[in-house]
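The structure appears below as structure tokens.
Note that the numbering runs from 1 along the sequence shown for the chain. What's counted below: heavy atoms across the whole structure, side chains too, no hydrogens, waters or symmetry copies. Note that ligands are numbered from 1 as they come in the structure, with each ligand's atoms numbered from 1 the same way.
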Amino acid sequence: MGTKFNLCDFILFGGHGDLAFRKLMPALYHLCKDDYISEDTRIITVSRRNITIEEHIELVKSKLLEYIDDFDEEFFSKFKNQIYLVNIDLNQNQTFENLKNILDEYPNRHRINYLSTSPDFFGQICQSLSYWKIITDNSRVVLEKPLGRDLKSSQELNKKVLNYFKENQIYRIDHYLGKDTVQNILALRFSNIFFLPLWNANHIDHIQITVAESVGVEGRWDYYDEYGALRDMIQNHLMQLLCLIAMEPPCSIDANSIRDEKVKVLRSFRKMKDEDIKEKTVRAQYKAGSSEGESVPGYIEEDSKQSDTETFAAIRIDIDNWRWNNVPFYIRSGKRMQKRNSEIVIQFKSIPHSIFSVDESIISANRLVITLQPNESIELKLMNKIPGLSESMELQQVDLELNSPLKVQRKPDAYERLILDVIRANATLFMRLDEVEEAWKWADTILEGWQKNLTPMKKYTAGSDGPSAAIQIIAKDGRSWNDE
Ligand code: BG6
């Protein structure tokens with residue numbers, strides 16, 4: 001149970017969209033039910049649809065029933081009083097007066113403007129909010145991705161919002177930062193002494209980050225085709241994971257201290273020349289295959305259009321700083337992979353000398369595996385004696401599980417954490433402008449190289465582990481992807 005002090009007006013633009021129904025409303029429902037948000041908070045859906053408030057409440061209810069497992073009729077009968085609807089056409093500035101009238105009832109309330117619309121509307125929405133003097137010092141704005149397709153478009157987009165909101169009022173969502181295990185990286189690294197001396201090039205051989213999805217583009221072909229794996233997943237989600245693993249200890253847990261350290265990591269990425277793009281990047285597209293026992297079409301057949309958009313990418317990143325000298329970071333992400341599996345692997349170096357008579361190759365180097373999906377877990381792989389009386393000491397690898405022994409009744413979704421943090425005005429888990437820009441600078445270099453066809457597009461079968469070139473990218477350094 002939480003506390004009932006987080007009171008605000010929560011304005012949900014794009015409130016009848018897929019994300020709003022699948023993630024945002026369920027998150028708000030649970031936050032209210034668990035008393036993290038005051039029952040006086042108003043959840044104001046902005047929509048162009050011409051429906052009554054009763055119809056809207058019925059729609060919310062039907063979607064909650066669809067997307068959550070623990071719908072509580074009795075609670076909903078109270079929750080529905082927090083639900084408001086305002087009819088706005090985002091292209092019609094005068095329709096924003098409807099919103100102003102509602103918000104003016106509580107002029108001093110904190111206002112959270114959650115923009116779950118296409119980014120094409122961000123500028124217009126902010127402009128209309130400003131025109132109607134809806135933006136106050138107590139206002140915040142939440143931006144959903146995609147935040148641009150490259151550095152230039154991202155700068156233009158951010159500038160439109162920054163014309164009306166200050167940087168400290170802007171919350172750029174990366175839902176990976178709301179995942180509990182991702183936050184646990186900070187706890188693991190900075191509240192345990194034994195990782196401190198080991199977390200560097202002296203003891204770590206390399207790091208792997210994999211975000212593999214078994215699903216395809218799920219009816220979002222047109223969106224996805226404009227973006228591809230590098231823009232859709234790597235530039236944001238994988239970069240955030242990498243930064244948390246690679247950053248120096250921040251001087252405190254506050255938002256700017258953490259974000260200062262993350263941005264330093266991005267600035268330390270070794271600049272990729274044409275040769276590096278050829279050797280250290282792989283892009284690929286899935287062709288027909290099978291997923292979870294069913295035949296599935298290839299990416300191109302899904303929309304029968306020609307496309308050179310990658311649905312898979314693997315990249316070796318080198319970080320030029322003292323901590324990570326000669327420690328490669330191998331990252332990969334793809335759709336229609338064999339299984340859903342997202343993990344970070346910290347591969348430690350081998351022991352310098354073995355005193356055991358067993359074959360040295362039996363002594364596996366220690367490995368820390370942080371799994372985000374499908375189940376969240378943290379495991380440290382250690383060597384241990386096989387119990388028994390055999391004359392020579394026999395060894396085996398065992399897993400030390402670092403999962404929290406505390407059983408939580410329901411595991412909150414990433415969006416619950418992020419929405420609550422916006423309401424609490426805690427920006428630690430949101431991306432600052434300079435982080436977004438640095439990540440784009442790096443991605444742009446690769447995208448430009450791909451446009452020059454420095455790395456030819458490979459194909460991989462849907463339901464496989466990706467193209468063989470992705471195995472090569474790590475194998476040529478004498479290493480292999482974690483496949484346990
Ligand atoms: C989104 C991407 O940001 O993240 C999707 O746009 C992707 O393409 C999704 O499927 C993956 O999120 P999760 O939390 O299921 O790994």
Seminar exercise, completed: among protein heavy atoms, the one nearest atom 6 (O) of ligand 1 is Asp232 OD1, 2.6 Å
Problem set entry | Of Cys243, Ser252, Pro250, the residue whose pairing with Ile258 passes side-chain contact (heavy atoms from CB on, under 4.5 Å) | Pro250
Problem set entry | Option passing side-chain contact (heavy atoms from CB on, under 4.5 Å) with Ile185 (candidates Ile344, Ile378, Leu372) | Ile344
Exercise. What part of Tyr224, side chain, backbone, both or neither, has a heavy atom within less than 4.0 angstrom of ligand 1?
Worked result: neither
Exercise. Is any NZ, NE, NH1 or NH2 atom of the basic residue among Glu156 and Lys159 found under 4.0 Å from an Asp or Glu carboxylate oxygen of the other?
Worked result: no
For this session: Report yes or no: is the cationic atom of Lys23 (NZ for Lys, CZ for Arg) under 6.0 Å from the centre of the six-membered ring of Tyr415, at an angle within 45° of the ring normal?
Result: no
Problem set entry | salt_bridge(Arg316, Asp477) N-O dist < 4.0 Å | yes
Exercise. Does Tyr227 come within less than 4.0 angstrom of ligand 1, counting non-hydrogen atoms of the residue?
Worked result: no
Seminar exercise, completed: In ligand 1, the atoms that come under 4.0 Å of a heavy atom of Gln373 are 13 (P), 14 (O), 16 (O)
Problem set entry | atom 16 (O) of ligand 1 [closest protein heavy-atom partner, distance rounded to 0.1 Å] | Tyr176 OH, 2.5 Å
Exercise. Taking only heavy atoms of Lys145, which atoms of ligand 1 are found under 4.0 Å from at least one of them?
Worked result: 1 (C), 2 (C), 3 (O), 6 (O)
Problem set entry | Ligand-side contact atoms (ligand 1) for residue partner Lys335, heavy atom cut-off under 4.0 Å | 5 (C), 7 (C), 8 (O), 10 (O)
Problem set entry | Presence of salt bridge, Glu167 and Arg172, under 4.0 angstrom | yes
Exercise. Among protein heavy atoms, which sits nearest to atom 11 (C) of ligand 1, and what does the distance come to when rounded to 0.1 Å?
Worked result: Glu213 OE2, 3.6 Å
For this session: May I ask which of Met233, His175, Glu218 has a heavy atom nearer to atom 13 (P) of ligand 1 than the others do?
Result: His175
Exercise. Taking NZ, NE, NH1 and NH2 as the nitrogens, is one of them in Lys271 or Asp276 under 4.0 Å from a carboxylate oxygen of the other?
Worked result: no
For this session: Considering only non-hydrogen protein atoms, determine which one is nearest to atom 15 (O) of ligand 1 and report residue, atom name and distance to 0.1 Å.
Result: Arg340 NH2, 3.3 Å
Exercise. Which is closest to atom 8 (O) of ligand 1 by heavy-atom distance: Arg231, Lys23, Arg220?
Worked result: Arg220
Exercise. On the ring face of Tyr176, is Lys179 found with NZ or CZ under 6.0 Å from the centre and within 45° of the axis?
Worked result: yes
